[in-house]
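Please read all numbers here as calculations on a predicted model, not as lab measurements. Just so it is clear: chains get the letters A, B, ... in the order the sequence lines come, proteins before strands, and each one is counted from 1.
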Amino acid sequence: MADSDKNISAALEAILFAVGEAVEVSRLAEAIEVDKKEILEAFQELNQKYEETSSGIKIVKLDDKLQLCTRNEYYDYLIKLVNIPKKHVLTDVLLETLSIVAYKQPVTRIEIEQIRGVSCQHAVNKLIEYNLITEVGRLDAPGKPILFGTTDDFLRSFGISSMDELPVVSSDKIEDFRRQAMEEASLTIET
Amino acid sequence: MADSDKNISAALEAILFAVGEAVEVSRLAEAIEVDKKEILEAFQELNQKYEETSSGIKIVKLDDKLQLCTRNEYYDYLIKLVNIPKKHVLTDVLLETLSIVAYKQPVTRIEIEQIRGVSCQHAVNKLIEYNLITEVGRLDAPGKPILFGTTDDFLRSFGISSMDELPVVSSDKIEDFRRQAMEEASLTIET
Amino acid sequence: MATVDVKISNFEGPLDLLLHLIEKNKYSIFDIPIVEITQQYLAYLDDLCEDDYDKMSDFLLMAAQLISIKAKMLLPKEEEVLEEEGDPRDELVQRLLQYKMYKYASYELKDMEMDAEGAYYKGQSIPAEVKNYKEEVDPAEVIGDLTLVRLKEIFEQIMKREIDRIDPVRSRFGTITREEIKLEDRMIEVREEIKGLKSINFRTLLGRRKGKMNLIVTFLAILELMKTGVLTIRQEGIFEEIIIDSLEG
């Protein structure tokens with residue numbers, strides 16, 4: 001049993017290394033001829049192995065896909081030898097727009113504009129170009145506006161494996177703001 | 001010492017993973033800023049680690065070069081994975097883009113984007129990959145943008161022999177839409 | 001009062017500016033002193049550079065909303081009406097809170113992005129000998145049961161949508177849109193139209209141009225041209241015609 005386990009994680013490692021890209025858990029399961037649960041166990045095992053052996057690579061989960069990548073701390077060595085595509089600079093406008101898409105998806109451009117109070121055609125197109133957001137459908141409303149959502153590259157860029165890992169910005173947070181505002185307001189009276 | 005050793009082999013692993021191909025020991029030494037002897041020690045270390053952990057990848061030395069590669073015994077899985085028929089489906093975005101190319105050809109990407117209101121680089125690339133659209137020339141305009149049209153495979157797939165067999169989109173219908181829009185717009189200003 | 005020390009171009013939009021003013025003055029977001037905030041907001045607008053017209057329309061729209069809230073708050077109201085309508089600031093407070101929430105989230109994202117930096121992901125790297133096994137994509141299979149009639153319908157929908165998009169009234173219910181008619185362009189047009197004339201009726205100026213958007217932008221353009229001393233307007237009485245007098249030769 002322990003032995004066959006080991007083979008699954010070795011097979012997983014071999015495949016992910018050779019393919020390079022992110023591969024769906026279901027496709028991996030089909031190729032290695034085990035069920036998805038066993039793939040996920042092998043993923044955990046590999047993950048642990050890389051941690052324990054202070055490996056230069058790591059395994060990440062992006063929604064329902066797995067992929068190998070290098071560990072962040074070796075980036076400086078890499079850039080000396082690897083031709084790494086230039087990183088996109090996310091300006092505040094892009095980040096604001098992106099955060100709205102991330103938290104409210106699926107969302108239309110008009111909805112984004114209503115929240116930001118300014119037009120954002122340009123920001124939306126830039127984010128599509130950077131492959132951080134993409135069209136995910138159409139809203140069933142007049143004009144059938146496009147709905148936007150985030151991509152796998154979004155997950156990669158922000159180091160999370162699913163949207164559930166986004167920091168919680170909830171009504172509690174608003175409560176915090178409220179309290180903060182109250183405190184600040186009461187302070188002002190003193191001055 | 002033991003600790004810094006570990007870092008060298010992790011850096012080596014990260015670099016070789018990222019490059020994918022064989023890299024000269026001397027270049028590796030330069031990138032990691034150690035001497036060649038230390039790189040060769042790290043190579044031994046990695047080699048041993050892969051053996052001990054029954055890894056799916058291995059490190060090989062070819063003359064004065066090092067390279068990571070998949071262990072031969074896992075090649076079958078790899079072939080299986082690649083051969084799992086991927087389901088290619090036409091998403092809404094692809095369908096829309098295809099219909100625009102079909103009816104407006106020859107058409108540039110910018111024109112498609114103007115009609116759809118968002119960038120569509122990805123959709124155009126996918127349709128080319130599926131061999132449903134192809135480059136048919138260049139527009140005589142600044143930047144000489146590529147003109148796209150449908151392929152013979154497009155015709156074959158729909159069982160038609162020429163584009164003349166496409167169902168006619170009557171210009172009357174589009175005129176109707178326009179008139180309708182105009183009327184509603186002018187109604188609103190009266191209020 | 002606080003001095004104007006920050007350029008308008010530093011702000012992402014009117015909500016950003018409002019938040020800045022509220023935080024700087026340590027006002028409570030739930031009890032905004034609307035008179036002061038409006039005054040300060042307008043002071044910032046004065047600082048707007050000439051070439052920022054496009055951006056300005058968004059800021060002017062907010063100015064109009066602030067003034068409208070201010071007016072509502074100053075008007076004496078019956079007790080019942082007040083209860084029914086609530087605080088005129090409510091909607092603005094909600095928008096500010098919502099905006100603040102996403103702005104906060106965007107800072108978090110920025111941090112996360114920095115933490116995630118440096119990981120290198122490879123593209124597809126399947127060895128050639130394995131990749132050669134790969135079958136070609138069969139276009140017929142991709143097409144599946146898609147019919148030409150369906151393709152035509154999709155195209156018609158797109159064309160209909162494109163027309164909808166061009167007409168702001170039909171496609172954007174009750175939402176004030178801002179980009180179809182640029183304030184900057186309209187200002188130039190209005191200036192051209194009144195050139196050589198002594199005065200012109202506002203209605204005549206609107207002319208054959210239809211749509212709520214045009215009405216708003218034209219009005220904003222006139223206000224802006226008034227500010228820069230190109231023209232002046234007068235009205236004999238409420239609901240009378242608005243007459244625009246040119247101040248240029």
Going by residue number, which parts of residues 145-155 of chain B are within reach of chain A, meaning a heavy-atom gap below 4.5 Å?
none
Can you tell me if NE2 on A:H88 sees more than 12 non-hydrogen neighbours from other groups inside 6.0 Å?
yes
Heavy-atom pairs under 4.5 Å with chain B are the metric here; pick the option from A:V124, A:V82, A:L81, A:V136 that has the most.
A:L81
Heavy-atom distance under 4.5 Å between the side chains of A:S55 and B:K49, does that happen here?
yes
Between OG1 on residue A:T70 and CG on residue B:L16, distance to nearest 0.5 Å
12.0 Å
Going by heavy atoms in the side chains, are A:F17 and B:L68 under 4.5 Å from each other?
yes
So which atom in B:A14 and which in A:G56 form the shortest heavy-atom distance, rounded to 0.1 Å?
CB-O, 3.5 Å
For B:D76, enumerate each residue passing the side-chain contact (heavy atoms from CB on, under 4.5 Å) test, keeping only those at least two apart in sequence or located in another chain.
none
Of all pairs that satisfy side chain to side chain donor-acceptor pair (under 3.5 Å), the ones with a partner from residues 14-35 of chain B, not counting sequence neighbours
A:K80-B:E33
Might you point out which heavy atoms bring B:V118 and A:N125 nearest each other, and give the distance in Å?
CA-OD1, 3.8 Å
Shortest non-hydrogen separation from B:S54 to A:A10 and the atoms involved:
O-CB, 3.4 Å
Among B:V19, B:D92, B:I32, which residue has the highest count of heavy-atom pairs closer than 4.5 Å to chain A?
B:I32
Quick one: does B:Y77's side chain get under 4.5 Å of A:L28's, heavy atoms only?
no
Got more than 12 heavy atoms from elsewhere within 6.0 Å of NZ, A:K36?
no
Answer key: most heavy-atom pairs under 4.5 Å with chain A among B:A123, B:A31, B:A18 is B:A31
Residues of residues 93-110 of chain B with any heavy atom under 4.5 Å of a heavy atom in chain A:
B:V93, B:E96
I'd like to know if B:R116 pairs up with A:E135 as an ion pair, taking the criterion as any Lys NZ or Arg NE/NH1/NH2 lying under 4.0 Å from an Asp or Glu carboxylate oxygen.
yes
Quick one, B:I57 and A:I57 - any side-chain contact, counting heavy atoms below 4.5 Å?
yes
Any heavy-atom pair between the side chains of A:N7 and B:Y74 that's under 4.5 Å?
yes
